[in-house]
Amino acid sequence: MSISPARSAASYGSGSPVHGAAQDHLLLALGRRLPPGRLRGEPSHRFTATA
């Protein structure tokens with residue numbers, strides 16, 4: 001049996017949506033940055049940490 005994480009897209013106001021796992025969107029809402037590759041979409045680079 002395999003469990004896959006929920007996928008979602010976030011869009012607040014105008015602009016392109018960011019796609020990723022629901023848990024990653026929750027981390028964004030809490031002000032956290034994510035490792036590269038966790039989100040998809042044009043504005044995803046705004047939410048990823050750089051090494």
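When a residue number appears, it is its place in the shown sequence, counting from 1.
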Margin query: If I compare all heavy atoms of T48 with all of P35, which pair ends up nearest, and what's the gap?
Written below: CG2-O, 4.0 Å
Check: So how far is it from H25 NE2 to L30 CG, rounded to the nearest 0.5 Å?
Finding: 13.0 Å
Item checked: CG on D24 to NE2 on H19, rounded to 0.5 Å -> 13.5 Å
Check: Quick one: CG on L26 to CZ on R32, what's the gap to the nearest 0.5 Å?
Finding: 10.5 Å
Notebook entry, point to check: Can you tell if the side chain of F47 reaches within under 4.5 Å of the side chain of L28, non-hydrogen atoms only?
Noted result: yes
Item checked: Any R38 side-chain heavy atom under 4.5 Å of Q23 side chain -> yes
Notebook entry, point to check: Which residues pass the side chain to side chain contact (heavy atoms under 4.5 Å, CB included) test with P43, sequence neighbours left out?
Noted result: S16, V18, R46
